[in-house]
Asker: 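Before I ask anything, let me first share the structure, which is written out below as structure tokens.
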Amino acid sequence: MTPTLLNMGYACINLTLQARQITTNRGMIKKTFVQKGLAYASELALKNVQDLLAIVDWNIEHGFRLFRISSDLFPWASEYRIADLPDFTEIRATLEEIGRRPIRLTTHPGPFNQLAGQGSVLANTLKDLEYQSEMFDLMGLKPSHWNKINIHVGGTYGDKTATLARFAQNFSLLSANLRARLTVENDDRTSLYTVADLVPIYEAIGIPVVFDYFHHSLNPGYQTEEEAFLTAYATWDVRPVFHYSDSRQDREDSHARREAHADWLYSPVHTYGKEVDIVFESKMKELAVLRLRGEDPDLPPAIQKLMQQQNDELSTF
DNA sequence: TTGTGTCAAGCCCAC
DNA sequence: GTGGGCTTGACACAA
């Protein structure tokens, strides 16, 4: 039986459209936020959301039915409520439009989110995660793991077991919609969490485990890839979203950090007879997936230039 | 327009 | 002890 890969997606940036200044990552430094305030945050957020719609439509047109939304859609989101933005009416209308599109959307909030943290660290985490969930609410998306809000457990605070227990405890502080969307992912460092380490969280609070192939290869614990894949697969109540990328060190640059992702995709993805959706985390984004699908993408001029430079460097040896 | 130093958050790790 | 990296470079400002 041929393994089935249903949806293929990529993360946060579309290089083809970025070359035309279509991006969802507009932000500002603190100083500017202090000076310009909510009005400017609103202006950037509206542009980001409008461009997200353009990217989503590009995706659908090109056969991508899975996309990870950037965590930076709303600059300084922890400092205000989305509904308080001056352009809220237009922002909401655009989000609703996005929510009606036939595509699976997910998010992956940053490493500053420490649900097992305490005090202000925990308070900031709650704010950040709730805003991501509110964004999906505004899109009109039913709360479920179909639109996952995926995080890492974070630090171990010197005691994995106690930290996992605190994670599960703090989970109860989240809104019902956020609880229905949250997932956890295995880490790439041996000091952090393997798929098997995360199973107790699933058992305690029922949240699915996202299997990251590359992280597993760097931090397998005692499980083979197939075992870890199937362990994670069994925690899902909808079709899982897993993450895949190749190693830059193995494929492109022997001096690269071992955790670095490759620009392109090289290896076949094993799905062990299961149906899963895959977010490809290659630096070349949609271009890498198009190439994997056997299509020759129209490379934006900036990318062509970059590749030419790389070829020139290689040819000097 | 382009080059460059700098940038919210928490944790871990290489140096 | 400091800085880089993380799911993603982009901003701000000087030249």
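Chain naming here is simple, since letters A, B, ... match the order of the sequence lines and numbering starts at 1 in each.
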Asker: Is the ring pair A:H62/A:W58 parallel, tilted or perpendicular, if the boundaries are 30 and 60 degrees?
Answerer: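 The rings of A:H62 and A:W58 lie parallel, inter-plane angle below 30°.
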Asker: Under 4.0 angstrom, heavy atoms only, what part of the nucleic acid is A:Y157 near: base, sugar-phosphate, or nothing?
Answerer: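 Counting heavy atoms under 4.0 Å across all strands, the contact made by A:Y157 is with sugar-phosphate only.
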Asker: So, A:E134 and A:R81, do they make that salt bridge, N to O below 4.0 Å?
Answerer: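 Salt bridge between A:E134 and A:R81, a charged N being under 4.0 Å from a carboxylate O: yes.
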Asker: On a whole-Å scale, what distance lies between the P atoms belonging to C:dT8 and C:dG3?
Answerer: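 Those two atoms are separated by 23 Å.
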Asker: Please report, rounded to the nearest Å, how far the C1' atom of B:dA9 is from the CG atom of A:L129.
Answerer: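 Between C1' of B:dA9 and CG of A:L129: 13 Å.
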Asker: Sort out for me which residue in A:H216, A:H215, A:H152 forms a side-chain hydrogen bond (donor to acceptor under 3.5 Å, both in side chains) with A:D187.
Answerer: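 Result for side-chain hydrogen bond (donor to acceptor under 3.5 Å, both in side chains) with A:D187: A:H152.
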Asker: Across the strands shown, which category fits A:N113 at heavy-atom distances under 4.0 angstrom: base, sugar-phosphate, nothing?
Answerer: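 The answer is nothing, as A:N113 stays clear of every strand by at least 4.0 Å.
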Asker: Find the distance A:L218:CG to B:dA14:C1' and express it as a whole number of Å.
Answerer: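 Atom CG in A:L218 sits about 15 Å away from atom C1' in B:dA14.
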Asker: Between B:dA8 atom C1' and A:Y80 atom OH, what is the distance in whole Å?
Answerer: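 After rounding, the reported distance stands at 13 Å.
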Asker: Contact class for A:Q118 vs. all strands (heavy atom < 4.0 Å): base, sugar-phosphate, or nothing?
Answerer: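 Nothing: the residue A:Q118, judged by heavy atoms under 4.0 Å, touches no strand.
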Asker: Can you see whether A:F214 has A:R248 sitting over its ring - NZ or CZ less than 6.0 Å from the centre and within 45° of the normal?
Answerer: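 Ring-cation test returns no.
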Asker: Does A:K283 reach a base, just sugar-phosphate, or nothing at all? Heavy atoms under 4.0 Å.
Answerer: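 Sugar-phosphate: the residue A:K283, judged by heavy atoms under 4.0 Å, touches backbone atoms but no base.
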Asker: When the P atoms of B:dT2 and C:dT7 are compared, how many Å lie between them, rounded to an integer?
Answerer: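 So the two P atoms sit 32 Å from each other.
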Asker: Please check if any side-chain donor atom of A:H145 sits under 3.5 Å from a side-chain acceptor atom of A:D237, or the reverse.
Answerer: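 Present: a donor and an acceptor within the cut-off.
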Asker: Please identify the 5'-most and 3'-most nucleotides of DNA chain C with any atom under 4.0 angstrom from a heavy atom of chain A.
Answerer: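 First-to-last contact on DNA chain C, by the 4.0 Å heavy-atom rule, is C:dG5 to C:dC13.
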Asker: Just checking, A:R101 and A:F67: is the charged tip under 6.0 Å from the six-membered ring centre and within 45° of the axis?
Answerer: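 No, A:R101 and A:F67 do not form such a contact.
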Asker: Regarding A:T32, tell me which of base, sugar-phosphate or nothing describes its non-hydrogen contacts under 4.0 Å with the strands shown.
Answerer: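 Sugar-phosphate contact only - A:T32 comes under 4.0 Å of backbone atoms but never of a base.
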Asker: Just call it for A:H152: base, sugar-phosphate, or nothing, with non-hydrogen atoms closer than 4.0 Å on any strand.
Answerer: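 If one applies the 4.0 Å heavy-atom cut-off, A:H152 turns out to touch the sugar-phosphate alone, with no base involved.
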Asker: Tell me whether A:R100 is salt-bridged to A:E97, with the criterion being a basic N under 4.0 Å from an acidic carboxylate O.
Answerer: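 A salt bridge links A:R100 with A:E97.
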Asker: Does B:dC13 have OP1 or OP2 sitting under 4.0 Å from an N or O in the side chain of A:S191?
Answerer: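 So the side-chain polar atoms of A:S191 do come within 4.0 Å of the phosphate oxygens OP1 or OP2 of B:dC13, strictly under.
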Asker: Look at A:S78 and B:dA9 and indicate whether a side-chain polar atom (N or O) is within less than 4.0 Å of OP1 or OP2.
Answerer: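 No, outside the criterion.
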Asker: Could you give the distance separating C:dC6 and B:dC7 at their C1' atoms, to the nearest angstrom?
Answerer: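 15 Å, rounded to whole Å.
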Asker: Would you please say whether a donor-acceptor pair under 3.5 Å links the side chains of A:Y222 and A:E227?
Answerer: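 Short answer, no.
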Asker: Tell me whether the rings of A:H243 and A:H108 are parallel (<30°), tilted (30 to 60°) or perpendicular (>60°).
Answerer: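 Correct class here is tilted.
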Asker: So what does A:G154 hit on the nucleic acid, given a heavy-atom distance under 4.0 Å: a base, only sugar-phosphate, or nothing?
Answerer: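 The residue A:G154 makes no contact with any strand.
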Asker: Wobble G-U and Watson-Crick pairs count when both distances are under 3.5 Å; given that, what is the 5' to 3' dot-bracket string of DNA chain B, with | for pairing to other strands?
Answerer: |||||||..||||||
Asker: Mind checking if A:N25 touches a base, just sugar-phosphate, or nothing, with heavy atoms under 4.0 Å?
Answerer: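 A:N25: base contact, heavy atoms under 4.0 Å.
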Asker: With nearest nucleotide decided by heavy atoms, which residue, A:C12 or A:K31, maps closer to the 5′ end of DNA chain C?
Answerer: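 First, find each residue's nearest nucleotide; the 5'-ward one identifies A:C12.
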Asker: Write down the distance between NE2 (A:H215) and P (B:dC12), rounded to a whole number of angstrom.
Answerer: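 After rounding, the reported distance stands at 16 Å.
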Asker: Which whole-number value in Å describes the distance from A:I29 CD1 to B:dA9 P?
Answerer: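 One finds 13 Å between P of B:dA9 and CD1 of A:I29, rounded.
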Asker: Taking atom P in both B:dC11 and C:dG9, what distance in whole Å separates the two?
Answerer: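 After rounding to an integer number of Å, I get 24 Å for this pair.
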Asker: Taking the P atom of each, how far is C:dA10 from B:dG10, in whole Å?
Answerer: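 Approximately 23 Å lies between the P atom of C:dA10 and that of B:dG10.
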Asker: Return the value, rounded to whole Å, for the distance between atom CG of A:L192 and atom P of B:dC13.
Answerer: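 So the CG-P distance, A:L192 to B:dC13, works out to 6 Å.
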Asker: Using atom CZ of A:F112 as one end and atom C1' of B:dA9 as the other, report the distance to the nearest whole Å.
Answerer: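 After rounding, the reported distance stands at 5 Å.
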Asker: A:K30 NZ to B:dA9 C1': how many Å, rounded?
Answerer: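 Roughly 10 Å, once rounded to whole Å.
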Asker: Less than 3.5 Å apart, which donor and acceptor atoms pair up between the side chains of residues 34-43 of chain A and the rest of the protein, not counting sequence neighbours?
Answerer:
from	atom 1	to	atom 2	distance (Å)
A:S42	OG	A:D87	N	3.0
A:S42	OG	A:D87	OD2	2.5

Asker: Under 30°, 30 to 60°, or over 60°: which ring-plane class applies to A:Y213 and A:F229, parallel, tilted or perpendicular?
Answerer: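 If you compare the ring of A:Y213 with that of A:F229, the planes turn out tilted.
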